[in-house]
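Below is one structure; the comments refer to it alone.
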There are 2 protein chains.
Amino acid sequence: MATIKDVSRLANVSISTVSRVINNTAQVAPEKREAVLSAMKELNFRPNSFAQALVSKRSNCIGVLVGDLCGGPFFAQMMLGLERVIDRANKFTIVMSGNHDEQRERHAIEALLQRQCDALILHSKALPDEELLELTHGDTPIVFVNRVVPGAEERCVWLDNREGTCCAVRHLISMGHSKIAFVTSDDSDFTDAKQRFEGYKSGLEEAGIALDPQLVTSAYADEVGGHKAVEQLLERNVEFTAFVGFNDAMAAGGISCLMERGLQVPEQVSVVGFDDIPYIRFIRPKLTTVKYPIESIGEQAAELALRLLDGKNSEDVRLKFVPEMVVRDSVKQI
Amino acid sequence: MATIKDVSRLANVSISTVSRVINNTAQVAPEKREAVLSAMKELNFRPNSFAQALVSKRSNCIGVLVGDLCGGPFFAQMMLGLERVIDRANKFTIVMSGNHDEQRERHAIEALLQRQCDALILHSKALPDEELLELTHGDTPIVFVNRVVPGAEERCVWLDNREGTCCAVRHLISMGHSKIAFVTSDDSDFTDAKQRFEGYKSGLEEAGIALDPQLVTSAYADEVGGHKAVEQLLERNVEFTAFVGFNDAMAAGGISCLMERGLQVPEQVSVVGFDDIPYIRFIRPKLTTVKYPIESIGEQAAELALRLLDGKNSEDVRLKFVPEMVVRDSVKQI
DNA sequence: CTGTTAGCGCCTTCAT
DNA sequence: ATGAAGGCGCTAACAG
């Protein structure tokens, strides 16, 4: 790989001049500039980004920690939002996945930091609040996604999960339902699960409906889990006219369980999901759900990170997102 | 951020000694080693990876170009495979997406190269063969995924698309079908589309069935497109008992079109998809499809890249993948 | 406008 | 076993 020295030699100028034309950092005589340009082309020169980073103290990289790239389209969508703005700022994205494992998350963050990322965007599920808070004291700007870290609220971009399930319940109630089940994740120290359950409870409470523990069922938070959970629910022989799913996948699994038993959705049971994942359009009936605006969240998180980096004020960055209902065909008025 | 100098000062040793304990590159007196270690801890020292890369000529990064992170779970799954092996090799992954645009792909590769990635794994759809071939002449090892670049075959990890649709057709024929439609992408200079169409043709040919152009229909390669394409097909009023979809999304779209018109799958029309995307389980009936082992392909691509890097022989890396049928419920024997 | 010079943080001989 | 010194490729004063 050719270096700046090679170019300077070929163009018969000093390395500073070359540097100047590379970075447009000062005026250079047109003829010399031409000479440099053609020398660069001839040698297929590309500035060594490490040398640049070493001296300029800027890596132009934003490090991103995600749960896992493959757990559904979720992170992919977030990345889409992130990339859009990071790209526009002419920076790079380095992605690492923590796979929801504490050790791995810690290691990934460590690695990102060591890479001298200019800023970090973290979607950490496994690390404790204190550890995350600690990180914000370092000299690398850090932004948290989908999580509120106490003491670092102004660096968190997140969705109000509680409000989400609450909306879902409200919607069902407005459609005449009152026996509403909740099909949730069995990972009870998963913050999202707690919050969504809270939302379910307060939605009922608002309407003066007592919580019936028999109507709450849980399993692993995917389609298979949803299927199982609804199966359990059915076995309990409690009456319900609707259920809210922890996420769309569980809702879809639950629906297939109902259908297998000859129960029609929404004729006999209404269903509301959560997330509005793209491939929900494959599900029949079209699922009514709560939108998780993950792409926008990604965008705002990146925006915030860049602001922090530039020391610009970040007041107009949206931190807290409020979910909205997406009404489709899986809820029936009764 | 503390530097090696700070550490050496605090530990009362020379820079070299610190370097030695960092890299385990020579014997160091136990007491000094201890002093260094504790100094590193105290200063929260992390070696500057740029300085390391600058002098060692190794960035420990593998650059990856993907079509887009969000066009379905496809790339996410590939990333899963890639990451697994890159991670195991203690290296990093830098991802950029080309969004199927020639300019952007070129720019992304340029950027990755400038980042001094140790090797590149490219999933390029838009760049011409010659340009890609050219890249392999540089000094950075390059691996192509899901594409055969003439002249660089030993650096390509790919699936035999042609064989895939051929399998699908064979399967349908073995189930008694002979009027088999093909619902494909309208992007005709898209290599995958060409190859899959070839497979469809040769599948028919094998069975001595003449190709009926009326049975081939195309649209944008997603669910909506599938819907449209099948709509067209229906309007043509040609008889068919089955169709092969360009991919699962088109198949799913086609199925919903059929269902809306009261046509049962597979009772009246059998369907075979392509890819076996994860969320296919949401589709009713369960779709029979051709598996695209994208995760394994990702793994092997990464494996190949690492081999190339280490100059190890890469003979046992699997380059060409052969698709296999996944038989589920959307095909009926007639 | 241009060239010279001094590092950025680290690794690696080369002496000791 | 250890320290001193040189240099990786580049940028940023500083002199002309």
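Values reported hereafter were calculated over all heavy atoms of this structure, with side chains retained and with hydrogens, waters and symmetry mates removed. Below, chains carry the letters A, B, ... as their sequence lines are ordered, and counting in each starts from 1.
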Exercise. Is there a donor-acceptor contact under 3.5 Å linking the side chains of Ser14(B) and Thr17(B)?
Worked result: yes
Problem set entry | Counterpart residues, ring-ring contact (aromatic ring centres under 6.0 Å, His included), relative to Phe144(B) (two or more places apart) | none
Seminar exercise, completed: Sorted by chain and residue number, the salt bridge (Lys or Arg N to Asp or Glu O under 4.0 Å) partners of Asp160(A) (sequence neighbours excluded) come out as Lys320(A)
Problem set entry | Any pair counted as ring-ring contact (aromatic ring centres under 6.0 Å, His included), so long as it reaches residues 108-142 of chain B, sequence neighbours left out | Phe75(B)-His123(B)
Exercise. Can we say Arg46(A) and Glu110(B) salt-bridge, meaning some charged N sits less than 4.0 Å from an Asp/Glu carboxylate O?
Worked result: yes
Exercise. Could Arg84(A) and Glu295(A) be called an ion pair, given the rule that one side-chain N must be under 4.0 Å from one carboxylate O?
Worked result: yes
Seminar exercise, completed: Heavy-atom contacts, protein to nucleotides 8-16 of chain D, under 4.0 Å, summarised as B (base), S (sugar-phosphate only) or - (none) per nt, yield BBSBBB---
Exercise. What is the 5' to 3' range of DNA chain C, first to last nucleotide, that sits under 4.0 Å from any heavy atom of chain A?
Worked result: dC1(C) to dG9(C)
Seminar exercise, completed: For residues 12-53 of chain A, the ring-ring contact (aromatic ring centres under 6.0 Å, His included) pairs (sequence neighbours left out) are Phe50(A)-Phe50(B)
